[in-house]
2 protein chains.
Amino acid sequence: MKWDDLDAQPCSVARTLAVVGDRWTLMILRDCFLGVQRFDDFQHRLGLSRALLADRLKALTDAGVLERHAYQTRPERFEYRLTPAGIDLHPIMLGLADWGNRHLADDRGAPLLYRHKTCDHDFRPVTTCSHCGEALDARSVAVRPGPGFPDPRAARR
Amino acid sequence: MKWDDLDAQPCSVARTLAVVGDRWTLMILRDCFLGVQRFDDFQHRLGLSRALLADRLKALTDAGVLERHAYQTRPERFEYRLTPAGIDLHPIMLGLADWGNRHLADDRGAPLLYRHKTCDHDFRPVTTCSHCGEALDARSVAVRPGPGFPDPRAARR
DNA sequence: ATTCGTGAGTACAGTTTCGATACCCATATT
DNA sequence: AATATGGGTATCGAAACTGTACTCACGAAT
């Protein structure tokens, strides 16, 4: 399977990764959530090549995750903003940050701290069930592939 | 910045991505959560090259996300299992699947369905505050970079 | 006793992608 | 006129990835 075929898979994880599963894409999105909006700011903060940054920003824009917005004319200058779909990626960012905080923390520098403005406390994200509100753990979740999805064990003869 | 330098960054998102932020790595982990454990099963299901699969499995093992476990001797055969740290990635997988379900659903096939065994209902993952238990949205979260983390706007003069 | 099949890889050539560096263009400032 | 700013392209060598083939250790089938 080629990378470009990922979004043709009948799997939501694969299709999401086809949009945001790139090395740099997720770093760009991290910066978006930190308020970065401009081409050169992304480039200076991330240090990736300008060609690649242009490519990724275009891909994210085409995917509807970012939108390109002119903040001045003559000369035209643009900033990139998260769309509602982009903002919906926030739980994934929180998940990535939380995993890093818990499993990769060390003396190289303090990680990000998140504060819930509503209750004014630092927090860890807890993933809960939308039906009963209970915290989820991997063992209490059953995955049911929809029709057409290859059975996990089908590859074994 | 080179990809290998990511884990030196004082940012938990970057450090997590240094471990799991690769195209194939997240697909491998998706399959792990679906119960796939053996080399050839990964290879058949994902269709990536054997060399790359061997490399990624080794990297995940070295990172403590998977562990390599001999399930027979003569000849030695191994399976790869999620460690507790690997299981902790589950909320991220749920987040990826949920985003795909909501933003990339189409007629190419049914996405994954998740059921909470405890309450026996299909659910969507809801990310909540560990302190007050309320559902989080991006606007109610303030990020406070730890010491040494570059200010989001520092790149702008 | 040879051949076939399985599981878990390694080796290598060819292609694709990426990174570094340089360059372009329109405008504003000195 | 020279320089700075913002947002990009162009080019080329280096690195990563893919496809195909091969290995090795064993077990079963012919």
Side-chain angles (χ1 to χ4, degrees), chain A residues 1-6 14 17-18 20-28 31-32 35-62 66-81 153-157, chain B residues 1-6 8-9 17-28 31-32 35-62 66-81 153-157:
Chain A
M1 190 210 311
K2 303 291 268 302
W3 184 246
D4 295 338
D5 303 332
L6 264 190
L17 291 177
V20 301
D22 172 80
R23 314 172 111 99
W24 290 114
T25 300
L26 284 161
M27 290 298 290
I28 291 168
D31 274 5
C32 289
V36 177
Q37 296 186 315
R38 299 186 185 182
F39 191 93
D40 274 22
D41 290 348
F42 287 113
Q43 209 250 317
H44 288 129
R45 286 174 47 82
L46 299 175
L48 82 177
S49 74
R50 303 176 74 75
L52 199 50
L53 176 58
D55 184 81
R56 292 296 183 272
L57 288 173
K58 181 169 186 328
L60 285 169
T61 304
D62 291 347
L66 297 181
E67 70 194 352
R68 194 166 178 263
H69 178 262
Y71 64 90
Q72 70 173 41
T73 44
R74 296 206 333 279
E76 273 203 310
R77 292 293 175 260
F78 307 96
E79 54 194 20
Y80 294 88
R81 298 177 181 171
R153 267 155 270 265
R156 189 146 346 129
R157 277 135 306 280
Chain B
M1 189 210 313
K2 304 292 270 304
W3 184 244
D4 295 338
D5 302 334
L6 266 189
Q9 284 234 142
L17 291 177
V19 176
V20 302
D22 173 79
R23 314 171 111 100
W24 289 114
T25 301
L26 285 161
M27 289 298 289
I28 292 168
D31 274 6
C32 290
V36 177
Q37 297 186 314
R38 300 186 183 182
F39 192 93
D40 274 23
D41 290 347
F42 287 113
Q43 210 251 317
H44 288 129
R45 286 173 49 81
L46 299 175
L48 81 176
S49 74
R50 303 177 73 76
L52 198 51
L53 176 58
D55 183 81
R56 291 297 183 271
L57 289 173
K58 182 169 185 328
L60 285 169
T61 304
D62 291 349
L66 298 182
E67 73 195 348
R68 192 167 178 262
H69 177 263
Y71 65 88
Q72 70 173 40
T73 44
R74 299 207 329 276
E76 274 202 311
R77 293 292 175 261
F78 307 96
E79 53 194 19
Y80 294 87
R81 297 178 183 171
R153 270 155 269 264
R156 195 155 328 140
R157 280 132 308 277

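Convention: sequence-line order gives letters A, B, ...; per-chain numbering from 1.
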**Report entry** B:Arg38 charged N/C atom sitting above B:Tyr71 aromatic ring, 6.0 Å / 45°
**Finding:** yes

Out of curiosity, [X] [atom1] to [Y] [atom2], how far, rounded to the nearest 0.5 Å?
X	Y	atom1	atom2	answer
A:Glu79	A:Leu66	CD	CG	11.5 Å
B:Trp24	B:Leu52	CH2	CG	8.0 Å
B:Leu46	B:Asp31	CG	CG	4.5 Å

Query raised in the report: If only atom types and distance count, is the side chain of B:Glu67 paired as donor or acceptor with the main-chain N or O of B:Tyr80 below 3.5 Å?
Result: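 No, the answer is negative, given that no donor and acceptor are paired below the 3.5 Å cut-off.
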
Write down the distance between [atom1] ([X]) and [atom2] ([N]), rounded to a whole number of angstrom.
X	N	atom1	atom2	answer
A:His44	C:dA20	NE2	C1'	14 Å
A:Gln37	D:dG7	CD	P	11 Å
B:Leu53	D:dT18	CG	C1'	13 Å
A:Tyr71	D:dG6	OH	P	6 Å
B:Leu48	D:dA16	CG	P	16 Å
B:Asp22	D:dA16	CG	C1'	10 Å
B:Glu76	D:dC26	CD	P	10 Å
B:Leu52	D:dA15	CG	P	17 Å

Indicate whether OP1 or OP2 belonging to [N] is found under 4.0 Å from a side-chain N or O atom of [X].
X	N	result
B:Trp24	D:dT18	yes
B:Tyr80	C:dG9	yes
B:Arg68	C:dG7	no

Query raised in the report: Within the modelled atom types, does a donor on one side and an acceptor on the other bring the side chain of A:Arg77 and the base of D:dG7 under 3.5 Å apart?
Result: no

Query raised in the report: Can a donor-acceptor pair under 3.5 Å be found between the side-chain atoms of B:Arg50 and the base atoms of C:dA8?
Result: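 Yes, the side chain and the base share a sub-3.5 Å donor-acceptor pair.
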
Query raised in the report: A:Gln72 or A:Ala51: which one's nearest nucleotide on DNA chain D is closer to the 5' end?
Result: A:Gln72

Report task. Find which nucleotide of DNA chain C each of B:Pro75 and A:Arg56 is nearest to by heavy atoms, and output the residue with the more 5' nucleotide. Result -> B:Pro75

Query raised in the report: Considering heavy-atom distances to DNA chain C, does A:Asp55 or A:Gln43 have its closest nucleotide positioned more toward the 5' end?
Result: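 First, find each residue's nearest nucleotide; the 5'-ward one identifies A:Asp55.
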
Requested in this report: Can you spot which of B:Thr61, B:Asp55, B:Asp62 makes a side-chain hydrogen bond (donor to acceptor under 3.5 Å, both in side chains) with B:Lys58?
Outcome: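 Of the listed options, the one satisfying the test is B:Asp62.
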
Requested in this report: Just call it for B:Phe42: base, sugar-phosphate, or nothing, with non-hydrogen atoms closer than 4.0 Å on any strand.
Outcome: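 Counting heavy atoms under 4.0 Å across all strands, no contact is made by B:Phe42.
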
Requested in this report: Would you check if A:Arg23 and B:Asp22 make a side-chain contact, meaning some heavy-atom pair closer than 4.5 Å?
Outcome: yes

Polar-atom pairs under 3.5 Å, protein N or O versus N or O of nucleotides 2-4 of chain D: list them with distances, or write none.
none

